[in-house]
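A, B, ... follow the sequence lines: proteins, then strands. Residue 1 opens every chain.
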Amino acid sequence: MKEKLSILLEEAIKVSSEKGLLKIEETPSPGIEPTKEDAFGDYASNVAMVIASKVKTNPRKVAEIIVDHLDDRDGILEKVEVAGPGFINFFLREDVWVGLLEDVEKQGDRYGESSVGGGRRVQVEFVSANPTGPLHVGHARGAVIGDVIANTLRAVGYDVTKEYYINDVGNQMNTLGLSVYLRYRELLGEEVDFPPHYYQGRYIQDLAAQVIKTQGNKFLNADEKDVLSFFVPYAAGAIMDGIRDDLRSFGVVFDNYFSEQELYRNDGVARLIEELQEKSFIYREGNTLWFRTTDFGDEKDRVVVRENGEPTYFAADIAYHRNKYERGFEEIIDVWGADHHGYLPRMYAAIQALGREKDTLKVVLVQLVNLLRGGKPVAMSTRSGEFVTLREVVDEVGKDAARYNFLMRRSDSHLDFDLEIAKKQSNENPVYYVQYAHARICSILKTAHERCYSVPRYGEIEPRLLKLPEEIMLIKYISRYPEVVGGSAQALEPHRFTFYLNELAAVFHSYYNKHRVVGEDAALSSARLFLVNAVGIVLRNALRILGVTAPEKM
RNA sequence: GGGCGAUUAGCUCAGUGGAUAGAGCACAGGCCUCCGGAGCCUGGUGUCGAGGGUUCAAAUCCCUCAUCGCCCUCCA
């Protein structure tokens, strides 16, 4: 609908300027928005005011000229008004709205999808937590946001790969292995001095106990090299298995897990650094190698190879991103914790040094979660190993409530997550509100079926019967859904779905309470069934993208 | 000290330069002989942190300031 009006406007502007009534070089793409108030019609455009400032004419006058040249061939317009400072308000004929429902029938569970992505290959990388311990609640938010962004991009026609980057290189891995080893010795009866910076969590003891079960005490007198070569991969592997399981129970399934070790194979990182050195993006200072990220706007240059000859995390990350491009991804989306925002300029510097356009990388920053229980903060500390795990949250509040609650805010704003509220099956918990609307619709359809009504085909209903304000409102919301999907994909903002769903459910519940769907009048019941079924389709489609179930009963 | 972000109703937050700034929660009162009451309806509150600027139009863009948070490793 928006597109249709937009075309009408563009044509009118073109004709006007050809007639010499408007002196403009190029027609601006008109802004068209659904209005907030009925008095302003159904859609409004500000294009006259935009043009007016360029041609130095009274905006209302410009609007009049445009309106005079509108050619409403299909007869969709009831009337067009010029209002306020120069808005053009479109009033659509009532029966036009019902026509929009035909798309819902035609596209069914694909309604809302599009092909604007054109099959472009996009990689969404998210979670990517170090394999040094189970995922905690902080990771959960990033997991859902990445997952839903990927689902949304897929819905608008991108070829999407979900990837998890495993940071299984570096000091932390040795620390992990040694942590398990110390607990191993401890469990075998030795006195150990467990350093405070080692991993403290209970899961370390569990892993150690496993080793004893399968390997016995054979490592008690082994030298450090043998210890590490067993304990490091063992612990990392077991933890990654756990992470995979936890994610699956949270509805997150990755297409690919990428190990950092991969980057070091065949001296990959070292060779990359040499190349960048040849292109003089990298310079030497003593033993240290610096990346000239300031060339690209970073505030200072960054070390890629340390004094001691070890490459930094950043060095590997450059190699990783180059690898992504080499695998054929045209766009890359990284989902990071917001505390990494200082890392952004150097990453942009890196991809530009690699010869890639800056806008092929997009970084979504995810703010911290405030975990609450009954309004009180839940104490968490990684150091002491006391944290609420993703698994515990899913077990306690369920996948649907957890996912939905993590999607209720912009990703870069802080989020309060209250376990008591998320668990509550009440109106404080928005996920039920939306799911309830869906269950209610299913129930209506069932009742209808029992009374020998079935959902009609679009061609079978009498459009003029759907003319109540609540019905027009519902249809408007339904017709807006594809724009929600498109907008969310374009802006990488999954929270738009939850806001939209809440509104759609509200309009539906209100309608339901005011008017009977299944009644005496067969034609009327039929038309309303069609409408209500369409609402159900939209709810289902949106919830599917969010990875939240749309229950038929609750 | 520098960088980034935030500041909108009692609370938690939406708001893509547009008309009278919205939603949920909380609070108060009402609504089922009827398709699911996990629902609906009715109530009201804003110095959009402050001040300046840009323009037909600013919560939105620019500058200054205040408060809060995060980051400022040759950690990952």
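In terms of phosphate contacts, R306(A) brings a side-chain nitrogen or oxygen within less than 4.0 Å of OP1 or OP2 of C75(B). Side-chain N/O atoms of T447(A) include one lying less than 4.0 angstrom from OP1 or OP2 on G36(B). Dashed line: the shortest gap from a side-chain N or O of K300(A) to OP1 or OP2 of C72(B) is not under 4.0 Å. Within the 4.0 Å cut-off from OP1 or OP2 of A38(B), not a single side-chain nitrogen or oxygen of Y512(A) is found. Checking the phosphate oxygens (OP1, OP2) of G5(B), no side-chain nitrogen or oxygen of S413(A) falls inside 4.0 Å. Close to G36(B), at under 4.0 Å from its OP1 or OP2, lies a side-chain N or O of S443(A). Under 4.0 angstrom from either OP1 or OP2 of G15(B) there lies at least one side-chain N or O belonging to H495(A). Side-chain nitrogen and oxygen atoms of R410(A) include none within less than 4.0 Å of the OP1 or OP2 phosphate oxygen of A6(B). A sub-4.0 Å separation between OP1 or OP2 of A19(B) and a side-chain N or O of R60(A) is absent.
Which of C40(B), A19(B), C74(B) sits closest to the side chain of V303(A) comes down to C74(B). For N167(A), the side-chain atoms get nearest to A76(B) when compared with the rest of U12(B), G39(B), A76(B). Among the nucleotides A38(B), A76(B), C74(B), the one closest to the side chain of N130(A) is A76(B). Listed nucleotides: C35(B), C56(B), A19(B). Nearest to the side chain of R451(A): C35(B). Comparing C56(B), C35(B), U12(B) by their nearest atom to the side chain of R409(A) picks out U12(B).
Outside the 6.0 Å centre-distance limit, the rings of F87(A) and F40(A) are not counted as a close aromatic pair.
Across all strands, E307(A) comes closer than 4.0 Å to base atoms (heavy-atom distances). As judged by a 4.0 angstrom heavy-atom cut-off over every strand, A44(A) is placed among the base-contacting residues. Counting non-hydrogen atoms under 4.0 angstrom, K514(A) reaches nothing in the nucleic acid. A316(A) comes within contact range of no nucleotide atom at all, as no heavy-atom separation falls under 4.0 Å. Contact annotation for V169(A): backbone-only contact, meaning every heavy-atom pair under 4.0 Å involves sugar-phosphate atoms and none involves a base. In this structure, D298(A) reaches neither bases nor backbone, as no heavy-atom distance under 4.0 Å exists between it and the strands shown. In this structure, E37(A) reaches the bases: a heavy-atom distance under 4.0 Å links it to at least one base atom across the strands shown. Within 4.0 Å of E470(A), counting heavy atoms only, lies no atom of the nucleic acid at all. Using a 4.0 Å heavy-atom distance criterion, H515(A) is classed as a base contact. Nucleic acid contact for H340(A): base, since at least one base atom lies under 4.0 Å from a heavy atom of the residue.
The ring of Y436(A) does not lie on top of the base of G36(B); it is either too far (5.5 Å or more) or too tilted (30° or more). Look at F499(A) and the base of A23(B); the rings do not stack under the cut-offs of 5.5 Å between centres and 30° between planes.
Taking the P atom of each, G1(B) and U64(B) are spaced 15 Å apart, rounded to whole Å. Rounded to a whole angstrom, the distance from the P atom of U20(B) to that of C48(B) is 15 Å. Across A57(B) and C13(B), the matching P atoms stand 34 Å from one another, rounded to whole Å. For the C1' atoms, the distance linking C31(B) with C68(B) amounts to 45 Å, nearest Å. Remark: the separation of the P atoms in C27(B) and C65(B) is 43 Å, to the nearest Å. Rounded to a whole angstrom, the distance from the C1' atom of G15(B) to that of U60(B) is 9 Å. Going from the C1' atom of U7(B) to that of U12(B) covers 14 Å, rounded to whole Å. The same atom, C1', is picked in A23(B) and in A14(B); the two are 7 Å apart, to the nearest Å.
Under the Watson-Crick or G-U wobble criterion, with both distances below 3.5 Å, C74(B) is left unpaired in every strand shown. Summarising the base pairing, A66(B) is matched to U7(B) through a Watson-Crick or G-U wobble pair whose two defining distances lie under 3.5 Å. Pairing of U60(B), defined by two Watson-Crick or G-U wobble distances under 3.5 Å, is not identified with any nucleotide. Using the Watson-Crick or G-U wobble rule with both distances under 3.5 Å, C48(B) pairs with nothing in any strand shown. Look at U12(B): its Watson-Crick or wobble partner, with both distances under 3.5 angstrom, is A23(B). A28(B) and U42(B) make up a base pair, with Watson-Crick or G-U wobble contacts both under 3.5 Å.
I421(A) places its CD1 atom 11 Å from the P atom of C25(B), with the value rounded to the nearest Å. Rounded to a whole Å, the CG atom of N502(A) is 9 Å from the P atom of C40(B). The CE-C1' distance, from M173(A) to A76(B), rounds to 11 Å in whole Å.
With hydrogens and angles ignored, a donor-acceptor pair under 3.5 angstrom links the side chain of N513(A) to the base of G39(B).
Annotation: cation-pi pair R141(A)/F417(A) absent, no NZ/CZ under 6.0 Å from the ring centroid and within 45° of its normal.
When each of Y313(A) and H341(A) is assigned the nucleotide of RNA chain B with its nearest heavy atom, H341(A) is the one assigned upstream, toward the 5' end. Comparing S411(A) and E503(A) against RNA chain B, the residue whose closest nucleotide sits nearer the 5' end is S411(A).
For the side-chain hydrogen bond (donor to acceptor under 3.5 Å, both in side chains) test with D334(A), the passing option among K362(A), H340(A), K324(A) is K324(A); the others fail.
Between the CD1 atom in I88(A) and the CG atom in L5(A) there is a gap of 11.0 Å [rounded to 0.5 Å].
Side-chain atoms of T152(A) come within 3.5 Å of backbone atoms of V148(A) as a donor-acceptor pair (strictly under, hydrogens ignored). Under the 3.5 Å distance criterion, the side-chain polar atoms of H139(A) are matched with a main-chain donor or acceptor of H136(A). Between the side chain of R306(A) and the backbone N or O of N287(A) there is no donor-acceptor pair closer than 3.5 Å.
There is a side-chain donor-acceptor pair under 3.5 Å between E471(A) and Y511(A).
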Salt bridge (charged side-chain N to carboxylate O under 4.0 Å, His left out) for K61(A) and E64(A)? Distances and angles first, verdict last. CA-CA 5 Å; K61(A) 187 124 195 189; E64(A) 302 282 359; over 6 Å; no
